[in-house]
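All of these numbers come straight from a predicted model, not from anything done at the bench.
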Amino acid sequence: MAPPVSFLWTRRILLTLLAGFVLVPVYVMVSSSLKPLADVSGKFRWLPSGLTVRPYLDIWSTVPLARYFANSLIVAGAATACSVVVAVFAAYAVSRHRFRGKRVFTVTVLSTQMFPGILFLLPLFLLYVNIGNATGIALFGSRGGLILTYLTFSLPFSIWMLIGYFDSVPRDLDEAALVDGCGPLGALFRVVVPAAIPGIVAVAVYAFMTAWGEVLFASVMTDDTTRTLAVGLQGYSTLNDVYWNQIMAASLVVSVPVVAGFLLLQRYLVAGLTAGAVK
């Protein structure tokens with residue numbers, strides 16, 4: 001039975017409004033990034049009077065954007081890799097084995113997501129400074145300390161989501177691998193991991209996006225040499241002026257890795273989130 005005409009028109013209007021709500025800010029960013037600074041600083045015009053690609057060239061010299069870009073890639077990539085590796089082992093152990101405190105561990109891991117990040121900022125700052133003073137290991141102001149910080153926030157959700165996904169993989173696959181001569185690690189890497197690729201990709205995308213756009217800890221735990229993109233974009237605002245066209249251009253440039261990765265992996269992401277959210 002075909003839906004009524006009123007429903008079709010209502011759906012079209014709502015989808016049009018939603019598309020406008022999403023696309024209008026993108027248009028403002030793109031058009032502003034192609035305008036001279038004088039046009040952006042004045043009254044906003046929907047149709048630019050002139051277009052220039054100069055802001056896309058100036059963003060690399062106004063601030064050390066390439067260094068910030070490299071820092072973000074290193075920090076987000078390392079945090080993602082560590083989060084995936086640890087989450088795979090932890091989730092496999094919880095999903096496949098029985099041990100004392102299993103339920104407490106699972107609830108504790110998930111409950112850590114209830115607390116805001118600002119609650120851990122001062123304790124982590126003091127902890128990193130004291131470790132540096134006692135051992136000489138520089139965690140504060142280093143990429144290693146920032147990677148460890150992001151790992152503590154992405155890992156609990158990653159473990160919880162992979163537990164649900166591993167529970168959906170039949171245990172018969174593990175048993176068949178063990179019968180064929182594989183050990184527990186062999187069954188994990190040869191059978192379970194290939195079957196859980198969508199869930200692992202979903203965890204990797206989540207961990208990467210969490211680290212890529214984080215501002216709070218990056219603004220406190222980094223210095224001039226380890227600053228990431230999320231904090232480095234503030235450099236386009238000076239005491240004398242704000243380079244709005246360069247800010248828009250830089251924002252579009254730094255969003256390319258996340259958008260490209262999401263478009264390439266979206267089918268794995270949807271499948272992984274759907275399977276991992278339901279036990």
Side-chain angles (χ1 to χ4, degrees), residues 1-35 39-51 53 55-56 76 80 91 107 110-117 153-154 156-170 195-216 229-230 233 244-245 247-279:
M1 183 177 179
V5 178
S6 59
F7 173 77
L8 295 177
W9 278 104
T10 302
R11 184 176 63 179
R12 291 170 184 170
I13 293 173
L14 291 177
L15 290 177
T16 302
L17 293 175
L18 181 61
F21 181 78
V22 174
L23 295 177
V24 167
V26 176
Y27 172 77
V28 172
M29 290 183 64
V30 174
S31 62
S32 299
S33 68
L34 295 172
K35 294 179 182 179
D39 292 351
V40 181
S41 302
K43 184 179 179 180
F44 177 76
R45 297 179 180 179
W46 289 99
L47 297 177
S49 57
L51 300 178
V53 296
Y56 287 91
T80 300
V107 173
L110 188 58
S111 64
T112 57
Q113 300 297 297
M114 298 187 302
F115 302 100
F153 289 98
S154 62
F157 181 79
S158 301
I159 294 174
W160 176 77
M161 187 164 61
L162 278 183
I163 290 174
Y165 201 93
F166 285 166
D167 286 343
S168 66
V169 178
I197 288 298
I200 295 174
V201 170
V203 166
V205 172
Y206 165 77
F208 186 86
M209 293 180 65
T210 300
W212 186 261
E214 201 279 328
V215 177
L216 177 62
L229 284 171
L233 291 179
W244 290 110
N245 54 348
I247 291 178
M248 297 300 176
S251 299
L252 290 172
V253 170
V254 302
S255 64
V256 168
V258 176
V259 174
F262 180 82
L263 292 177
L264 291 174
L265 302 173
Q266 61 176 340
R267 63 190 185 96
Y268 296 105
L269 181 63
V270 173
L273 289 175
T274 303
V278 180
K279 291 188 178 181

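- Residues Tyr206 and Phe157 come closest through the heavy atom pair CE2-CD2, 3.4 Å.
- In plain terms, the two heavy atoms of Ala196 and Tyr165 that are nearest each other are CA-CE2, 3.3 Å.
- Taking CG of Leu229 as the reference point, atom CD of Glu214 lies at 13.0 Å (rounded to 0.5 Å).
- Scanning all heavy atoms of the two residues, the minimum distance from Ala207 to Thr80 falls at C-OG1, 3.7 Å.
- Rounded to the nearest 0.5 Å, atoms CG (Asp39) and CG (Leu34) are 11.5 Å apart.
- Looking only at side-chain heavy atoms (C-beta outward), Val205 and Met209 come within less than 4.5 Å of each other.
- Taking all atoms of both residues into account, the shortest heavy-atom contact from Ser33 to Leu252 is OG-CD1, 3.7 Å.
- Residues passing the ring pair (Phe, Tyr, Trp, His ring centres under 6.0 Å) test with Tyr56, sequence neighbours excluded: none.
- Using a 4.5 Å heavy-atom cutoff, the side chains of Leu233 and Ser251 are in contact.
- Nearest heavy atoms, Ser154 versus Ser158: O-OG, 2.7 Å.
- Note on ring orientation: taking the six-membered ring where Trp is involved, the planes of Phe208 and Trp212 are parallel (angle under 30°, cut-offs 30° and 60°).
- Of all heavy-atom pairs between Lys35 and Asn245, the closest is O-ND2, 3.2 Å.
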Residues 7-32, side-chain donor-acceptor partners within the protein, below 3.5 Å, at least two apart:
| residue | atom | partner | partner atom | Å |
| --- | --- | --- | --- | --- |
| Thr10 | OG1 | Ser6 | O | 2.7 |
| Thr16 | OG1 | Arg12 | O | 2.7 |
| Tyr27 | OH | Trp46 | O | 2.2 |
| Ser31 | OG | Tyr27 | O | 2.9 |
| Ser31 | OG | Val28 | O | 3.2 |
| Ser32 | OG | Val28 | O | 2.7 |

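- Applying the ring pair (Phe, Tyr, Trp, His ring centres under 6.0 Å) rule to Phe166 yields no partners; only residues at least two apart in sequence or on another chain are considered.
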